[in-house]
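Note: hydrogens, waters and symmetry copies are ignored here, and every other heavy atom, side chains too, is used. Per chain, numbering begins at 1; letters A, B, ... match sequence-line order.
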Amino acid sequence: MTDRDATGGPSDSPHILSDRPAVGEGEEADGDDGDALAGGETSDGTAGDDFHAFWADVVADEIEARGVDDPVVIKGGVSPSGVAHLGNFNEIMRGYFVAEVLRDRGHEVRQVFTSDDKDPLRKIPRKLANADGEIVGLGEVDAGALGRNLGRPYTAIPDPFGERESYAAHFAALLEADADRLDVPVEMVSNTELYADGTFDSVTRTVLSDLDRVREVLSAYQDKVDGEYVPFNPVCAECGKITETVTGVDTESETVEYVCTDMAVGDETIEGCGHEGTATFREGKLPWRLEWPGQWDVLDVDFEPFGKDHAEGSWPSGVDVARNVLGIEPPVPMVYEWFTLNGEPLSSSAGNIVTVPELLDLLEPEVLRYFFALHPKKARDLDVERLDQLVDRFDRFERAYFGEVDDEGLTAFAERAYPFVVGRPEDPPTEKPIRLPYTFAAVLGMVDDPAFRERLARDEGHIPEDASDEAIAAALARVEKARNWAERTENEYDYRLQTALPNVDFDDDVAAALDDLADFVAAGHDGEAIQSEMYETARDHGIEVSDFFSAGYRLFFDDTQGPRLGEFLGELEREYVVERLRREA
RNA sequence: GGGCCGGUAGCUCAGUUAGGGAGAGCGUCCGGCUUUUAACCGGACGGUCGGGGGUUCGAAUCCCUCCCGGCCCGCCA
């Protein structure tokens, strides 16, 4: 470990969106007096020191500065963990935006996602997601079968739902389905396949034929690496578990000798079967610290985003392994911050997770994509209770793209990022979609009738006169999302218009007031007039206005509160309103 | 203990590239819509930019230091 060599230096920091200087300096030439401020111009492609309003352009600059050949390969990775939650999507989406920016600059790009599915199942997950992405407990599946498969590769374990060829395939399919839902083209790559089809042969051969070099490099990062350490984990031919004890390597025949010993996982032990056997280089796997750089090598990876857990752990050793064992340059890295859900860390065991399908019930895909277009270095919170804030921010972002927001910074960001967020970089929308404010959409969601929704939206000025049917339908689609949101969070918009008469019991004066109001409505007045009349009627009958409103909410929503009632009643079918006010139906 | 990343209004976040006015939305409060009832409009309130020091004519921004939070520094991934 003498030479922690000089080639590296600070530029190996994976925090490329934090470090100041980074990319090519040099051409400062005309920097002296005045000019500058040119921010708006955005020269064409050329990397360098132009300011970018969108972080993905900064990353793309860095990648281009390496002089990569097409296709540019962007990779991510995931362990099959039981549930494909939104955290996994951080990695997919971060890579995606960089991929799209590079495509926009004329590159051919492959975005691949490795499923680390040759890893052993180390403990039984507490939650799983079924094929529809719904989270279920272990009670729904054969948990015993999972227990019997501890220590085996995910690809060698049956699908707990009995649908796919393996646990790993089930999980990969979930992730792929979610990517489809967000219209993100990723190529899933099975790590097991990379071994099985020989793709990894060259890496395995290099590692196992130069053990001294590998040990020297790794020992700087791992205490357990000594003169005996062999970085290869064969699959036991007898019991199928991943083993950790290699007793000999034969580089001629390209095989290893192993003993199937116990594996410690935390406080638990996964028992080995004691079998002594021989495995080929394809019948096993490399440990992560070598496997990751190995993937860079065989997949020719140019860029890889990863969570901050890797930043100070396996990234530095990966760089070292790449250069000094495999003889390649590591990809451009990018550390992203994790986000929290409802203020707490994502945790499948604690149940604090949310899936893509769940969220797509609550908001449009472009809003979710927008969330991931925000700066990756900020730790964000996705608060389902206040999803309206996120949607509002998206709407504003969209308005900024169409030049309707007086905010230079936001507009610059929107001008570049919006076409990617809506997935149409080469064909950006020319007309702003009609967007109902999210909370207003939640109000409309209190009534099922589509005609009602449209009428009220029009009356409140959210739908232009000349809007096309398609545009209106698209706008009203948000109502269902907001409705689901209100139901899920049981918030202040979670009211439902009652189709049947609730169980009511009013004082005589209230009842009389309701009858009067019914007559007024029957005579034909608009919502505004009805709203006014409610105050008049209450006074005429000497009852508190609030009591009268409560009676109205009880009749129509079976609740004590609700939306602004007069306007609401004005949009409903008159006969229905009259009969309900008279407690007749 | 060491390293890395983060900390801007009650909430969600811009702004830090390149030092110069502390901002937006939501919430709150007040007002408007002839009218206390969660949607619409206007206004106001609201911040020691985590604390302190330094550089500077000038610091949220650059430097130092401290505090807080997350991650890594065994194994695994």
Side-chain angles (χ1 to χ4, degrees), chain A residues 13-15 17-23 31 36-39 49-53 55 58 77-79 81 116 119-120 122-123 221-224 244 263-266 287-289 291-292 306-316 335-338 340 343 345 374-375 377-383 385-393 395-397 400 405-410 412-413 436-444 446 456-457 459-462 491-493 495 528-529 531-536 538-539 544-546 548-550 552-553 560-568:
Chain A
S13 164
H15 303 281
L17 290 173
S18 297
D19 300 337
R20 299 297 149 199
V23 199
L37 260 293
D49 50 6
D50 294 311
F51 170 69
H52 289 304
W55 57 269
V58 178
V78 66
S79 292
S81 67
D116 297 329
D119 297 353
R122 302 173 66 80
K123 57 181 183 184
Y221 307 94
Q222 295 184 285
D223 293 343
K224 73 169 186 180
E244 296 185 319
M263 174 163 63
V265 179
W288 167 248
R289 285 187 127 89
E291 195 170 70
W292 195 25
F306 46 85
K308 61 181 182 174
D309 53 333
H310 289 305
E312 304 304 320
S314 44
W315 170 253
V335 176
Y336 57 81
E337 267 289 339
W338 294 343
T340 52
L374 297 171
H375 203 286
K377 292 299 290 186
K378 287 277 200 175
R380 282 164 210 288
D381 185 47
L382 182 69
D383 191 339
E385 301 273 331
R386 293 197 206 100
L387 220 50
D388 57 312
Q389 290 196 6
L390 177 63
V391 179
D392 284 348
R393 283 175 62 77
D395 288 351
R396 187 173 144 84
F397 165 76
V405 177
D406 181 21
D407 183 324
E408 206 178 325
L410 177 63
F413 171 57
L436 304 178
Y438 194 69
T439 52
F440 178 71
V443 171
L444 297 188
M446 297 172 190
L456 189 47
D459 283 358
E460 295 296 322
H462 292 299
N491 66 5
E492 64 269 34
Y493 297 96
Y495 300 110
E528 221 169 302
Q531 180 79 0
S532 303
E533 186 64 15
M534 290 193 70
Y535 293 89
E536 297 295 333
R539 286 198 203 94
E544 291 293 327
V545 171
S546 60
F548 192 44
F549 271 96
S550 290
Y553 289 128
T560 56
Q561 296 181 318
R564 189 178 296 192
L565 198 52
E567 277 86 341
F568 212 89

- Query: What's the OH-P distance between A/Tyr495 and B/A39, to the nearest Å?
  - Reply: 11 Å
- B/A44 and B/G1: how far apart are their P atoms, nearest whole angstrom? 48 Å
- Ring centres under 6.0 angstrom apart (A/Trp315, A/His15): no
- Atom CD of A/Glu337 to atom P of B/G69: distance rounded to whole Å? 15 Å
- When rounded to the nearest Å, what value does the distance between P atoms of B/A59 and B/A22 take? 11 Å
- Item | Span that lies between the C1' atom of B/U28 and that of B/G47, in whole angstrom | 16 Å
- Note on the structure: For A/Met534 and A/Phe548 the tightest heavy-atom approach is O-CD2, 3.4 Å
- Scan A/Gly562 against the nucleic acid and name what it touches under 4.0 Å (heavy atoms): base, sugar-phosphate only, or nothing. base
- Please state how far atom CD in A/Glu408 lies from atom P in B/A24, giving the value in whole angstrom units. 15 Å
Report, one pair per line, the protein and nucleotides 7-9 of chain B atoms (nitrogen or oxygen only) whose separation is under 3.5 Å.
from: B/G7; atom 1: OP1; to: A/Lys378; atom 2: NZ; distance (Å): 2.6

- For A/Gly566 and A/Glu528, take the nucleotide of RNA chain B holding the closest heavy atom to each; which residue's nucleotide lies nearer the 5' end? A/Glu528
- Using atom CD of A/Glu385 as one end and atom C1' of B/C26 as the other, report the distance to the nearest whole Å. 15 Å
- A correct 5'-to-3' footprint of nucleotides 41-46 of chain B, with B, S and - meaning base, sugar-phosphate only and no protein heavy atom under 4.0 Å, is ------
- Message: With rounding to the closest Å, how many angstrom separate the P atoms on B/U61 and B/U8?
- Response: 14 Å
- State which residues pass side chain to side chain contact (heavy atoms under 4.5 Å, CB included) with A/Pro120; sequence neighbours excluded, sorted by chain then number. A/Arg122, A/Ile242, A/Met263
- Query: Looking only at atom C1', what distance separates B/U16 and B/G7, rounded to whole Å?
  - Reply: 14 Å
- Query: Does CD belonging to A/Glu492 count more than 12 external heavy atoms closer than 6.0 Å?
  - Reply: yes
- A/Gly343 backbone acceptor or donor facing A/Asp381 side chain under 3.5 Å: yes
- Identify whether any heavy atom of A/Leu444 sits under 4.0 Å from a base atom; if not, whether one sits that close to sugar-phosphate; answer base, sugar-phosphate or nothing. nothing
- Task: Among B/C40, B/U36, B/A38, find the nucleotide with the atom closest to the side chain of A/Ser546.
- Result: B/U36
- Task: Under a 3.5 Å limit for both distances, which nucleotide forms a Watson-Crick or G-U wobble pair with B/G31, could you say?
- Result: B/C41
- Item | Spacing of the C1' atoms in B/G27 and B/A9 (rounded, Å) | 11 Å
- May I have the distance from A/Asn491 (atom CG) to B/C26 (atom C1'), rounded to whole angstrom? 14 Å
- Please identify each residue that fulfils salt bridge (Lys or Arg N to Asp or Glu O under 4.0 Å) with A/Asp383, with sequence neighbours left out. A/Arg386
- Item | Spacing of CD belonging to A/Glu567 relative to CD belonging to A/Gln531, to within rounding of 0.5 Å | 5.0 Å
- Query: Can you give one letter per nucleotide of nucleotides 71-77 of chain B, 5' to 3': B if a protein heavy atom sits under 4.0 Å from the base, S if only from the sugar-phosphate, - if neither?
  - Reply: SS-SSSB
- Note on the structure: Nearest-nucleotide check on RNA chain B, A/Arg380 vs A/Phe568; residue mapping nearer the 5' end is A/Arg380
- Heavy-atom contacts, protein to nucleotides 27-32 of chain B, under 4.0 Å, summarised as B (base), S (sugar-phosphate only) or - (none) per nt, yield ------
- Item | Aromatic ring pairing A/Phe306/A/Trp292, orientation class (parallel under 30°, perpendicular over 60°, tilted between) | perpendicular
- Message: As a test of reading the structure: which of B/A14, B/U34, B/C40 is closest to the side chain of A/Arg393, going by heavy atoms?
- Response: B/A14
- Item | Integer angstrom distance from the P of B/C68 to that of B/G25 | 35 Å
- Task: Would you mind classifying the nucleic acid contact of A/Asp383 as base, sugar-phosphate or nothing, using non-hydrogen atoms under 4.0 angstrom?
- Result: nothing
- Nucleotide B/C13, atom P - distance to CZ of A/Arg386 in whole Å: 10 Å
- Query: OH of A/Tyr336 to CG of A/Leu17: how many Å apart, nearest 0.5 Å?
  - Reply: 13.5 Å
- Query: For B/G23, what is the paired nucleotide under Watson-Crick or G-U wobble rules, both distances under 3.5 Å?
  - Reply: B/C13
- Task: Determine whether any donor atom in the side chain of A/Tyr438 lies under 3.5 Å from an acceptor atom in the base of B/A39, or the reverse, and answer yes or no.
- Result: no
- Could you tell me the separation between the CG atom of A/Asp392 and the P atom of B/U12, rounded to a whole number of Å? 15 Å
- Query: What interatomic distance, in whole Å, is found between P of B/C66 and the corresponding atom of B/A24?
  - Reply: 36 Å
- Task: Just call it for A/Glu533: base, sugar-phosphate, or nothing, with non-hydrogen atoms closer than 4.0 Å on any strand.
- Result: nothing
- Run the side-chain contact (heavy atoms from CB on, under 4.5 Å) check on A/His310 and A/Trp288 step by step: do they pass? CA-CA 11 Å; A/His310 289 305; A/Trp288 167 248; 3.6 Å; yes
- Query: With side chains defined as the heavy atoms from C-beta onward, is the minimum distance between A/Tyr221 and A/Pro316 less than 4.5 Å?
  - Reply: yes
- Query: Taking OP1 and OP2 of B/G23, is either one under 4.0 Å from a side-chain nitrogen or oxygen of A/Arg396?
  - Reply: no
